[in-house]
Amino acid sequence: MVRDPLPPTRLKVYLAFAAIYLIWGSTYFFIREALDGFPPFMLGGLRFLIAALLMFAWCLVTGQSIRPGKDLRNAAITGILLCFVGNGAVVWVEQSIPSSVVAIVIAVAPLSFILLDKPQWRVNFRSFPTLLGVVAGFAGVLLLFSEKIAAQWAATEVTTEFSAMFILLLGIIGWPAGSIYAKYHPASIPNMVNSGWQMLIGAWCFLLASTARGEWSVVEWATIPMNAWLSLLYLILFGSIIGFSAYVWLLQVRPATQVSTYAYVNPVVAVLLGVFVGQEVIGWRELAGLVVILGGVLLINLAKYRLTGRAS
């Protein structure tokens, strides 16, 4: 990424955080709405392909080169981990799990930063609050799925909800892995160009999977409801172009742990939309799991801020 000659303005940082806080929290609901008309891998492919092409078009209009150069490899790795693995897991499981529950589970993803950020292991694993936060976060996930786990023990075959837990695990690992890789391998090309290539490569993976599953031969375009088309448009313009670009940019100008605080707000926004707009039902396990998970994330960030304060 080409860094600005001057530090980013406070307003620009605030707007970027607002994008990943509010817009990303709403994408869980709109993914579920879009799945009413689009198969999962086709949805992901169309979303990121169109978003990437629009971003490249804007770059060309404004006189920016879209050639990735030596950054293509890093963009490919980051795009696969963030878009295809991380976002793809969310799209897949929302076929069988309410969007609000998926958002609560994904809230544990920032805890994976601690486990995957190897350069920070000596600091992270010496902090008791950090370790307690990680344990609390994953305990919240177990609490959230305790009823489904109990049902699986009594079942003779693997249930859809239980298998979805393992798919979500890929998302919980893939998204932080891609974020950390992007943090330690900053691009030398403009942020919009870098994000465009990440999304284009992610779209390519989605479309390959969609073709392999035969989704293009079974979808009936004329029967896709308007709410699915509008949801796809929202995911392209707001979730991808604005939200994703803001996230990639923030990783370059703010600490990864600070950027990961989107996990506090995203599940709350998703739960509110899912319950009051999508008519989803949230029980005490979901609410308790949300509180425990967010408590774990809070412990980790408090420990980080305390260390930062001592260092300064």
Side-chain angles (χ1 to χ4, degrees), residues 23-57 79-80 82-103 105-106 148 157-168 170-171 174-175 195-196 198-244 269-281:
I23 293 175
W24 269 5
S26 66
T27 55
Y28 293 92
F29 171 77
F30 286 103
I31 286 173
R32 182 64 193 88
E33 290 293 294
L35 285 171
D36 285 340
F38 296 96
F41 289 105
M42 180 187 294
L43 172 61
L46 291 174
R47 171 187 177 181
F48 289 115
L49 175 63
I50 297 173
L53 294 178
L54 289 174
M55 293 174 74
F56 285 154
I80 291 171
L82 290 180
C83 299
F84 183 64
V85 178
N87 187 266
V90 171
V91 175
W92 180 263
V93 300
E94 283 203 29
Q95 296 177 105
S96 57
I97 296 180
S99 62
S100 52
V101 175
V102 174
V105 177
I106 293 298
K148 294 179 175 60
E157 298 181 354
V158 178
T159 63
T160 302
E161 292 81 2
F162 190 76
S163 62
M165 290 174 55
F166 292 95
I167 301 297
L168 269 179
L170 292 177
W175 188 267
S195 299
Q198 291 175 6
M199 287 190 283
L200 183 64
I201 292 168
W204 181 75
C205 295
F206 270 113
L207 294 175
L208 278 180
S210 178
T211 302
R213 296 186 71 244
E215 291 181 349
W216 295 88
S217 61
V218 299
V219 67
E220 298 181 5
W221 298 96
T223 62
I224 296 178
M226 181 57 66
N227 71 298
W229 284 107
L230 293 176
S231 297
L232 174 60
L233 181 62
Y234 180 89
L235 292 171
I236 291 170
L237 297 179
F238 292 91
S240 295
I241 294 179
I242 297 177
F244 188 79
V269 174
V271 167
L272 291 175
L273 283 174
V275 172
F276 293 104
V277 181
Q279 306 301 313
E280 296 176 356
V281 178

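Counting from 1, the numbers follow the sequence of the chain as shown.
For V275, the side chain to side chain contact (heavy atoms under 4.5 Å, CB included) partners two or more places apart in sequence, or in a different chain, are V271, I282. Partners of W24 according to the side-chain hydrogen bond (donor to acceptor under 3.5 Å, both in side chains) rule, which considers only residues two or more places apart in sequence or in another chain, do not exist here. Qualifying ring pair (Phe, Tyr, Trp, His ring centres under 6.0 Å) partners for F38, counting only residues two or more places apart in sequence or in other chains: W229. Scanning for side chain to side chain contact (heavy atoms under 4.5 Å, CB included) contacts around I242 gives A19, I23, F238, with sequence neighbours left out. The side-chain hydrogen bond (donor to acceptor under 3.5 Å, both in side chains) check on E215 picks up S210, R213, with sequence neighbours excluded. Residues meeting the side chain to side chain contact (heavy atoms under 4.5 Å, CB included) test with I80, sequence neighbours left out: V85, I201, C205. Checked against ring pair (Phe, Tyr, Trp, His ring centres under 6.0 Å), F41 has the following partners two or more places apart in sequence or in another chain: W92. Residues satisfying the side-chain hydrogen bond (donor to acceptor under 3.5 Å, both in side chains) criterion with S231, sequence neighbours excluded, are absent altogether. Taking the side chain to side chain contact (heavy atoms under 4.5 Å, CB included) definition, one finds that L208 meets it with W204, sequence neighbours left out. For the ring pair (Phe, Tyr, Trp, His ring centres under 6.0 Å) test, no residue two or more places apart in sequence or in another chain qualifies with F29. Every residue was checked against the side-chain hydrogen bond (donor to acceptor under 3.5 Å, both in side chains) condition with T27, not counting sequence neighbours, and none meets it.
Ring-plane geometry between F48 and F244 is classed as perpendicular, the angle between the planes exceeding 60 degrees on a 0 to 90 degree scale with a lower cut at 30.
Between A34 and L232, the shortest heavy-atom distance links the atoms CB-N, 4.3 Å. Closest approach of L35 to V91, counting heavy atoms only: CD1-O, 3.5 Å. Closest approach of L49 to A203, counting heavy atoms only: N-CB, 3.4 Å. Between G37 and P225 the shortest heavy-atom distance is CA-CD, 4.0 Å. The heavy-atom pair separating S26 from Y234 by the smallest distance is OG-OH, 2.6 Å. Taking all atoms of both residues into account, the shortest heavy-atom contact from S100 to A270 is CB-O, 4.0 Å.
Inter-residue side-chain proximity for S99 and I31 is flagged as unmet; no heavy-atom pair is nearer than 4.5 Å.
The closest donor-acceptor contact from the side chain of E94 to the backbone of R32 lies under 3.5 Å. Judged by distance alone, the side chain of S240 and the main-chain N or O of L235 form a donor-acceptor pair under 3.5 Å.
In this structure, D36 CG and M226 CE are separated by 14.0 Å, a value rounded to the nearest 0.5 Å. Interatomic distance, M55 CE to L200 CG, rounded to the nearest 0.5 Å: 11.0 Å. Here the CG-CD1 distance, from L46 to I236, works out to 7.0 Å after rounding to the nearest 0.5 Å. A distance of 6.5 Å separates CG of L273 from CZ of F30, quoted to the nearest 0.5 Å. Taking CG of N87 as the reference point, atom CE of M199 lies at 11.0 Å (rounded to 0.5 Å).
Contacts classified as salt bridge (charged side-chain N to carboxylate O under 4.0 Å, His left out) and involving residues 37-51 (residues at least two apart or in different chains) are not found.
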